[in-house]
Asker: 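Mind looking over this structure? Questions follow.
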Amino acid sequence: MSTQHQNIMDSSLSLGRLEINSSIGSRGSRLPGAQVKDKSVPPQVGSQPAAHLNGCVPLSHQVAGHRYGVDKVGILQHPDGTVLKQLQPPPRGPRELQFYSTVYAGDCCDPCLLELQNYLPKYLGTWSSPEKPNDLYLKLEDVTRRFRKPCIMDVKIGQQSYDPFASKEKREQETRKYPLLEEIGFLVLGMRVYKQESNGYVTHDSHYGRGLNKETVKDGLSKFFHNGCCLRKDVVLASMLKIQRILRWFSSQRQFTFYASSLLFVYEGLPSSSSPSPCSPLSDKNTTTAMMSSAANGEEGEGLRQEGVRREQERVLEFNNNIRVTDCGLEARYANHRKGGCARGHHHGNGEALTATTTAALEEGEDNVAWKTCPPQPNGNGTEAEVKMIDFAHVFPSDSQDQGYVYGLKRLLLVLEQVLHAE
């Protein structure tokens with residue numbers, strides 16, 4: 001492939017949904033790692049986002065990597081709604097292209113690769129602009145397109161972010177960025193969370209993730225699942241189930257080793273009236289307001305208030321019971337020391353590091369892990385959530401299990417378990 005690649009991009013880039021905004025590219029200065037409130041602003045009449053390369057526009061919902069308007073180039077969105085990721089210089093770009101081409105080959109009949117397709121954004125080939133035919137882009141599914149208010153998080157998985165062919169200087173540079181990666185097994189590269197009460201977004205960048213340690217990583221990760229009113233435990237559970245399926249695939253595959261690859265988390269920030277409330281009764285502002293209003297009407301209002309409390313408590317109880325039932329399946333899969341019955345696993349307190357018991361479970365190996373013989377659990381409560389693998393510029397052929405990625409997935413599941421059981 002004789003292609004000259006310009007406008008270099010890093011591989012750690014998150015996919016997102018285009019949100020047309022007349023103020024794209026207007027960014028103020030801020031301290032590294034600072035929390036940023038990103039208020040959603042409707043487009044003004046007559047305003048149009050600046051078009052680039054045959055009508056493509058910058059992708060606004062991006063939480064990690066190089067960004068358009070700040071770096072030389074960022075991820076673009078095609079007019080048809082797909083995402084365009086520019087191919088990186090050799091060998092990274094051709095390597096990622098080869099990976100996608102192998103997994104999505106039209107004549108692919110390898111069960112391992114066919115299953116892997118379920119965990120990746122759909123690959124739709126390559127794209128280039130007539131104006132710049134030598135600039136090749138990967139054309140990918142927009143994972144967040146179906147969400148109205150997508151909450152997005154990019155988490156790098158594995159114990160090292162450099163590949164075996166990296167120079168000594170590159171290895172030292174990557175290790176300095178986050179020395180705890182080898183022990184923790186994952187790194188939050190960025191997140192963007194919709195807050196219901198303010199109708200806006202709060203974002204955190206990679207500096208935030210690099211500031212998390214063993215004692216704070218649980219609380220740091222839980223920020224992604226908090227909508228300003230309550231902790232979305234339904235999303236935590238749905239995400240764990242999807243990670244569990246990816247872990248099952250990694251436990252058996254012997255074809256690839258992944259370095260500097262990420263999981264992209266997406267969930268719907270707007271509440272759904274059709275699903276049980278994941279919030280505590282007093283955290284539901286609409287229910288609370290309605291009950292307070294009806295209480296002003298005397299005895300009838302008091303009756304309505306009590307009925308509202310009863311129904312809300314039933315919804316919360318139903319949701320919590322569903323978590324307990326499904327959680328039994330989760331624990332049986334990735335914690336070998338918890339065997340038999342459906343007893344609630346032990347809870348981890350706020351800020352508590354991974355316990356010695358759960359750490360020992362990780363070190364027991366794969367041969368006798370109980371979850372390998374259990375059927376997969378379906379998503380509960382119709383929660384709108386996605387977890388997809390992204391960034392494959394450092395994927396290499398292998399004939400053994402990818403221990404680093406498996407370790408990272410298990411550690412991430414353990415921390416999410418702590419978030420799920422947080423009071």
Side-chain angles (χ1 to χ4, degrees), residues 63 143-144 147 149-155 157 184-186 188 191-196 202 204 209 212 216-247 262-272 275-280 283-284 315-335 338 344-352 354 358 371 376-388 408-423:
V63 297
V143 177
T144 73
F147 296 90
K149 294 294 183 181
C151 300
I152 307 169
M153 178 171 65
D154 186 327
V155 180
I157 303 295
I184 292 180
F186 62 90
V188 176
M191 66 175 71
R192 191 167 191 255
V193 187
Y194 176 73
K195 300 295 184 179
Q196 293 183 27
V202 171
H204 296 280
L212 301 176
T216 61
V217 67
K218 179 188 77 72
D219 292 332
L221 199 62
S222 68
K223 287 184 181 296
F224 175 65
F225 301 99
H226 205 290
N227 62 9
C229 300
C230 66
L231 182 65
R232 291 289 304 275
K233 290 191 175 184
D234 61 323
V235 177
V236 178
L237 178 59
S239 300
M240 292 174 71
L241 292 171
K242 290 180 180 294
I243 297 171
Q244 177 191 72
R245 296 184 183 109
I246 296 174
L247 175 58
S262 292
L263 290 182
L264 183 70
F265 291 73
V266 188
Y267 72 88
E268 179 56 68
L270 287 180
S272 172
S275 61
S277 171
C279 302
S280 62
S283 296
D284 189 325
R315 296 211 312 268
V316 172
L317 181 60
E318 178 185 356
F319 173 78
N320 289 338
N321 286 338
N322 288 339
I323 280 187
R324 292 190 185 97
V325 171
T326 312
D327 189 45
C328 173
L330 282 167
E331 292 180 349
R333 283 169 170 76
Y334 63 86
R338 295 173 184 168
R344 184 78 173 246
H346 97 241
H347 297 190
H348 309 285
N350 291 336
E352 183 181 356
L354 300 177
T358 52
W371 59 258
Q377 297 286 340
N379 277 4
N381 306 308
T383 298
E384 292 288 316
E386 287 286 357
V387 178
K388 296 288 187 179
L409 290 176
K410 287 185 174 183
R411 286 286 176 173
L412 181 57
L413 278 170
L414 289 172
V415 175
L416 288 175
E417 180 190 16
Q418 295 176 16
V419 175
L420 184 66
H421 293 326
E423 299 298 335

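Everything numeric here is computed off the predicted structure, so don't read it as measured data. We count residues from 1, following the sequence as given.
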Asker: Atom NZ of K242 and atom CG of L263: how far apart are they, to the nearest 0.5 Å?
Answerer: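 It is 12.0 Å, given to the nearest 0.5 Å.
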
Asker: Taking all non-hydrogen atoms of both residues, which atom of R192 and which atom of F224 are closest, and how far apart?
Answerer: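 Taking every non-hydrogen atom into account, O-CE1, 4.3 Å.
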
Asker: Between K233 and A422, is there a donor-acceptor pair closer than 3.5 Å when you use the side chain of the first and the backbone of the second?
Answerer: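 A pair under 3.5 Å: yes.
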
Asker: To the nearest 0.5 Å, tell me how far K149 NZ sits from E268 CD.
Answerer: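 So the NZ of K149 and the CD of E268 are separated by 9.0 Å.
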
Asker: Which heavy atom in M191 sits nearest to a heavy atom in G220, and how many Å separate them?
Answerer: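 What the structure gives for the nearest pair is CE-O, 3.8 Å.
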
Asker: Look only at the side chain of T216 and the backbone of L212, and say whether a donor-acceptor pair between them is shorter than 3.5 Å.
Answerer: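 No, because the side chain of T216 does not come within donor-acceptor range (under 3.5 Å) of the backbone of L212.
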
Asker: To the nearest 0.5 Å, how far apart are CG in L237 and CD in Q244?
Answerer: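 It comes to 9.5 Å.
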
Asker: F225: which residues meet the ring-ring contact (aromatic ring centres under 6.0 Å, His included) condition with it, sequence neighbours left out?
Answerer: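 Not a single residue meets the ring-ring contact (aromatic ring centres under 6.0 Å, His included) criterion with F225.
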
Asker: To the nearest 0.5 Å, what is the distance between CE (M153) and NE2 (H204)?
Answerer: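 NE2 of H204 is found 11.5 Å from CE of M153.
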
Asker: With a 4.5 Å heavy-atom cut-off, do V415 and I184 have their side chains touching?
Answerer: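 No, too far: nothing below the 4.5 Å cut-off.
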
Asker: Looking at L409 and L247, what are the two nearest heavy atoms and their distance?
Answerer: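 The answer is CD1-CA, 3.7 Å.
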
Asker: Using every non-hydrogen atom in the two residues, find where K223 and V193 come nearest and quote the distance to one decimal.
Answerer: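 Where K223 meets V193 most closely, the heavy atoms are O-CG2, 3.9 Å.
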
Asker: Would you name the heavy atoms of S262 and D154 that are closest together and state the gap between them?
Answerer: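 Closest heavy-atom pair between S262 and D154: OG-OD1, 2.8 Å.
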
Asker: If you round to the nearest 0.5 Å, how far is CZ of F265 from CG of L416?
Answerer: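 Rounded to the nearest 0.5 Å, the CG-CZ separation comes to 6.0 Å.
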
Asker: Measuring from Q418:CD to L221:CG, what's the distance to the nearest 0.5 Å?
Answerer: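 Answer for the CD-CG pair, Q418 versus L221, is 10.0 Å.
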
Asker: Quick one: list whatever passes ring-ring contact (aromatic ring centres under 6.0 Å, His included) with F186, sequence neighbours left out.
Answerer: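 Counting only residues at least two positions away or on another chain, F186 forms no ring-ring contact (aromatic ring centres under 6.0 Å, His included).
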
Asker: Mind checking side chain to side chain donor-acceptor pair (under 3.5 Å) for E386 and listing every partner two or more places apart, or none if nothing turns up?
Answerer: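 Side chain to side chain donor-acceptor pair (under 3.5 Å) list for E386, sorted by chain: R146.
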
Asker: Which atoms form the tightest heavy-atom contact between A238 and A385, and what is the distance?
Answerer: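 Closest approach of A238 to A385, heavy atoms only: CB-CB, 4.2 Å.
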
